[in-house]
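Here, residue 1 is the first one in the sequence, and each next residue gets the next number. Below, all heavy atoms of this structure are taken into account, side chains as well, without hydrogens, waters or symmetry copies.
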Amino acid sequence: MSLLAALAAALALALAGGFPFGAAGAVRGWGALPLAFAAGALSLHLGLAVATLAGLAWSPALVAFALLASGLAWAALARFRRDSPGWPRPGAWELPALAVMTAVVLLGAAGWLSQPDFFYHWGLKAGRFLEIGGADYYFLASPSSWRLHPDYPLLAPELLLLPSLGRGGFDEAAALAMAALWIALVPLALGRALAEAGLDPPSRGRATAIIALALGGFAIGYGLVGAADPLIALALALALPPLLAAERTPARGWELGLAAALAAASKLEGVPLAALLVGADLVTRAARERRFPGLAHLARTALPAALVVLPWFGLARAYRLFLETNAGAFDAGRTSAILPALGATSLHADWALFPLALAALPWLLGRRRLRPAALVLLAQLGFYLIVYWTGPVDSRFYVLSTFPRLLFHLLPATLALVAIAALGPREAAAARAASFAPPPAPGESVS
């Protein structure tokens with residue numbers, strides 16, 4: 001029953017985000033599920049923020065109203081998706097990836113893959129919020145709550161409590177099942193990026209299966225279910241298609257804006273990532289069109305993240321939730337502790353050497369189409385490293401306890417870019433196919 005409750009809650013979020021899309025959107029298929037889930041989750045998040053500011057309790061009726069209003073709003077916005085190229089339908093080539101993700105969901109729902117953070121952090125907040133019917137900022141502001149990361153955005157606890165709403169108490173199994181579903185959505189979201197990059201179904205299936213094995217192996221071996229890290233990975237997976245697109249359209253702007261907002265609503269680390277995603281899109285568009293994007297495009301890409309960040313930041317400042325241990329002065333003396341710890345975590349057995357793929361990011365910068373996404377990933381990795389050199393905590397323990405999970409943010413998108421570079425068509429040929437241009441004349445170079 002707990003797994004069914006989580007599946008029902010996840011489907012309700014996807015329906016609230018516009019899944020399945022109508023004919024006006026020209027987008028159908030299960031490949032649309034990750035973006036629809038993100039849209040519904042963010043709509044609910046904003047609705048609950050408004051309810052908090054208005055002093056309204058998070059009741060089942062209020063949540064149902066918010067989801068219904070969200071579904072109607074996304075249906076009204078369907079015209080902005082008319083220029084979307086659509087989502088590929090998962091086929092037989094994706095079955096290995098589906099099997100791995102099914103195992104993660106079943107084992108996660110059984111409580112065998114639980115992250116310790118779930119019990120002293122994410123799940124604890126979700127249970128507390130469910131108990132009082134809202135975000136308990138007085139609880140977060142108490143002196144003893146520093147262990148709970150009180151300054152983190154609240155999307156993850158809100159999603160974790162959703163399957164338990166109206167059931168008389170917090171269902172940990174249902175919350176863990178919901179968290180496991182976040183992991184399962186990542187390979188499905190990457191399948192669209194691989195398809196749009198020109199990978200044929202067999203190549204796309206092999207790449208998706210390898211990525212799913214990497215993520216599933218780490219989630220099972222390390223125990224990742226219950227943490228918010230998969231939401232950051234999902235945000236980057238959703239951001240790849242608009243970042244890789246040769247043409248910037250309104251639909252692409254909305255997609256990138258939703259990805260940035262999902263990152264910003266998930267964890268503190270997602271706030272700079274949201275800025276990087278919006279900035280990379282603006283710089284890329286300005287460089288290609290030789291002019292700065294207009295206000296309409298800026299609103300599509302930046303407004304969703306701003307709507308998420310401003311209420312969270314204002315309430316966190318008002319209740320003094322930000323911790324002094326988040327950052328400090330740069331200390332080069334930490335290098336002797338940080339570098340060995342980074343090496344140890346990168347070679348962590350549960351990651352099976354997949355973090356070595358990050359070494360390909362500088363090489364990917366040489367691919368013009370992949371450059372914006374590679375720059376975002378490199379910049380986010382650099383941000384994580386800077387935090388280690390500035391965090392006023394034990395540096396070695398800090399790296400060992402956090403970097404394996406931070407790698408989960410970056411590796412899915414990185415592996416997808418490597419697959420595109422290795423298995424996809426040459427950039428000029430891909431761009432020509434995307435624009436429906438005629439093939440080159442005999443003897444004409446496509447390099």
Which residues pass the salt bridge (Lys or Arg N to Asp or Glu O under 4.0 Å) test with D136, sequence neighbours left out?
R128

Are side-chain N/O atoms of D281 and T284 paired as donor and acceptor at under 3.5 Å?
no

Residue pairs involving residues 193-235 (criterion ring pair (Phe, Tyr, Trp, His ring centres under 6.0 Å); sequence neighbours excluded)
F218-Y222, F218-W351, Y222-H348

Measuring from L385:CG to Q380:CD, what's the distance to the nearest 0.5 Å?
10.5 Å

When rounded to the nearest 0.5 angstrom, what distance separates CG in L407 from OG1 in T414?
9.5 Å

Which of parallel (below 30°), tilted (30 to 60°) and perpendicular (above 60°) describes Y152 and W122?
tilted

Can you label the angle between the H149 ring and the H121 ring as parallel, tilted or perpendicular, going by 30° and 60°?
tilted

Side-chain touch L415/I210, heavy atoms, less than 4.5 angstrom:
no

Answer yes or no: is there a side-chain heavy-atom contact under 4.5 Å between L162 and L44?
yes

Report the C-alpha distance between H45 and V308 in whole Å, list the side-chain angles of each, state the deciding distance to 0.1 Å, and finish with yes or no for side-chain contact (heavy atoms from CB on, under 4.5 Å).
CA-CA 8 Å; H45 177 64; V308 165; 4.1 Å; yes

Check D200 with R204, please: is the shortest side-chain N to carboxylate O separation under 4.0 Å?
no

Within the 6.0 Å centroid threshold, strictly below: Y398 and Y388
yes

